[in-house]
There are 2 protein chains.
Amino acid sequence: MADIGAHGGGRRVKNGQESLGASPGMTLAESLRQKLEGAIAAGHLEPGSRLDEQEIAQRFGVSRTPVREAFRLMAANNLVELRGRLGATVRSIKAQALIEMFQVMAELEGLCARLAARRVSQAWGAEIGEIHQRLVAAGETGDIDVFYDINQEFHEAIYEASRNTFLADQTRKLRNQVAAYRRRVTRMPNRIADTVREHEAIMQAILAHDPERAHSAMRDHVNLLGDNLLDFLAAFE
Amino acid sequence: MADIGAHGGGRRVKNGQESLGASPGMTLAESLRQKLEGAIAAGHLEPGSRLDEQEIAQRFGVSRTPVREAFRLMAANNLVELRGRLGATVRSIKAQALIEMFQVMAELEGLCARLAARRVSQAWGAEIGEIHQRLVAAGETGDIDVFYDINQEFHEAIYEASRNTFLADQTRKLRNQVAAYRRRVTRMPNRIADTVREHEAIMQAILAHDPERAHSAMRDHVNLLGDNLLDFLAAFE
DNA sequence: ATATCGATACATGTATACAAAATGGCACCC
DNA sequence: GGGTGCCATTTTGTATACATGTATCGATAT
């Protein structure tokens, strides 16, 4: 340990350590949060797995303090579970909790769609149409990862179109919480074709300025995804 | 500072320090979070006011570390704003954001009511009826603080009755976020009478197992409160 | 007199040191 | 042979020390 400068600032990256990927003006805790949340969403950190403060601190070449603070920050987003002195774990969501979360998410995304139907301009139609075209293309190519990303774009566009930033934030957060589980389901048999069809219904309702239809189309879409996800998980346990 | 034991554990409470009110097995950061969140909800800490790490640490006789962690935890609940090195402040919510939050809250509480209408048993009717009776009594006495607390109990009972713990948590969190602003509105002219009447409509719809009516009654109730709150704030600015 | 620059003071971010609780393994007893 | 209690290790919680960025205040120049 003698080769690490006395105290404080002089951090430096030794071989074998991961970089925090440029964080100008950002605090270490915040950079760590982004890195770790990305790893969770991408599935590199499995739900239920333990997060070791020291290990992570060493891996990124920082002290335990910013790591701990990042854990607290992630606990705020419900991505990490803090259990007193028992340590931090990647939040593992039980099937029952997933059902509950999808019920809420269906309602929130439905509200996004309803508000969007009331508020979108004509110009927005071109934008969402373009996203949808790319989704269809990705579906035909069969490139699952690209499809997943464009799918996310589609929903994101509707969040924004709701013109309610708080609602958009809230919905995004919830989406992130189940991201680790969702990703697995994109590979199910008819999921891609169904998604394209459901998105079309949602899009039409919004562009027709029909709030109720937009709401129910979106709610059904999310609920169907939830059902698929549960079927998928059931096959494993 | 010489009289504070060398390092670590030996914490002790000197005169003039506030106690953290018995926290057996709980960590200091968690105790602090509860204390501070309570102070925010009660309005003792005004929105926008700066939270000084050292001052709070000294006030409760702990070091800066648990104070900082409590801030991170509260940031998770959107009660505190962290602005890099510029310090932490009690989150101040602009009118626009309040409108957005009430729109979401109306939907979430509405969902609670809808699910409750589908799921409540007969026994629950007695429980909610008893709470409502106490609310009416408090309304007649005119004891605003008691009224506020019982009002909260009423809503809490419906959260629980939804049998969706995630939804209940989410709704509670949102309620806490606007608590500092809500409390001020209870004192408005007809608010108490209106609240009692609206609660009756909600209760009847739930007990009649009419999900749609329960949903809209609750949504209207929350929206009306939001409107009142905005009127109230507008009078000040 | 006002505006700008610089030095100082202070608050936050980060690292390390110490204390205590929890996990795991071993010995001992039933 | 299995279970229970004790000890060592490991990991978290907390306190303090140090580094760095921000703000404040005063001096100087225009």
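Each chain gets a letter, A, B and so on, in the order the sequences are listed, and its residues count up from 1. Remember, it's a predicted structure, so these values are computed and weren't measured experimentally.
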| note | Contacts of B:N77 meeting side chain to side chain donor-acceptor pair (under 3.5 Å) (sequence neighbours excluded), chain-then-number -> B:E37
| field | Any residue meeting side chain to side chain donor-acceptor pair (under 3.5 Å) with A:R64, in chain and number order, not counting sequence neighbours | value | A:E53
| query | Of B:L174, B:D169, B:L167, which is the lone residue that meets side chain to side chain contact (heavy atoms under 4.5 Å, CB included) with B:T171? | reply | B:L167
Please determine if a side-chain N or O atom of [X] lies less than 4.0 Å away from the OP1 or OP2 oxygen of [N].
X: B:R72; N: C:dG13; result: yes
X: A:R68; N: D:dG13; result: yes
X: B:T65; N: D:dT14; result: no

In whole angstrom, what separates [X]'s [atom1] from [N]'s [atom2]?
X: A:R85; N: D:dT12; atom1: CZ; atom2: P; result: 11 Å
X: B:D52; N: C:dC10; atom1: CG; atom2: P; result: 12 Å
X: A:R83; N: D:dG13; atom1: CZ; atom2: P; result: 11 Å
X: B:I56; N: D:dA15; atom1: CD1; atom2: P; result: 14 Å
X: A:L28; N: C:dT16; atom1: CG; atom2: C1'; result: 15 Å
X: B:Q54; N: C:dA9; atom1: CD; atom2: P; result: 16 Å
X: B:E81; N: C:dT12; atom1: CD; atom2: P; result: 15 Å
X: B:E53; N: D:dT20; atom1: CD; atom2: C1'; result: 14 Å

Listing time: all N or O pairs from protein to nucleotides 23-25 of chain C that are below 3.5 Å?
none

| message | Quick one, B:L98 and B:L229 - any side-chain contact, counting heavy atoms below 4.5 Å? | response | yes
| task | Identify the residue among A:R175, A:R219, A:H221 that makes a side-chain hydrogen bond (donor to acceptor under 3.5 Å, both in side chains) with A:E109. | result | A:R175
| note | Of B:R50 and A:E30, the one whose closest nucleotide on DNA chain C sits nearer the 5' end is B:R50
| Of B:A88 and A:R64, whose nearest nucleotide on DNA chain C comes first from the 5' end? | B:A88
| To the nearest 10 degrees, how far apart in direction are the end axes of the helix from C:dA1-D:dT30 to C:dC30-D:dG1, each fit to five base pairs? | 20°
| said: List the residues meeting side-chain contact (heavy atoms from CB on, under 4.5 Å) with A:A168, not counting sequence neighbours, and say none if there are none. | reply: A:Y159, A:R172
| request: Would you please name every residue forming a side-chain contact (heavy atoms from CB on, under 4.5 Å) with B:A75, sequence neighbours left out? | output: B:L82
| query | By ring-ring contact (aromatic ring centres under 6.0 Å, His included), which residues pair with B:H132, not counting sequence neighbours? | reply | none
| field | Non-neighbouring partners of B:F154 that pass ring-ring contact (aromatic ring centres under 6.0 Å, His included), sequence neighbours left out | value | B:H199
| said: What's B:L51 touching, base or sugar-phosphate or nothing? Going by heavy atoms closer than 4.0 Å. | reply: sugar-phosphate
| task | Please determine, for the side chain of B:P66, which listed nucleotide (D:dT14, C:dG13, D:dG13) has the closest atom? | result | D:dT14
| message | Using the side-chain heavy atoms of B:T27, tell me which of these nucleotides is nearest: C:dA11, D:dT14, C:dA15. | response | D:dT14
| field | For B:E69, all residues meeting salt bridge (Lys or Arg N to Asp or Glu O under 4.0 Å), sequence neighbours excluded | value | A:R68, A:R72
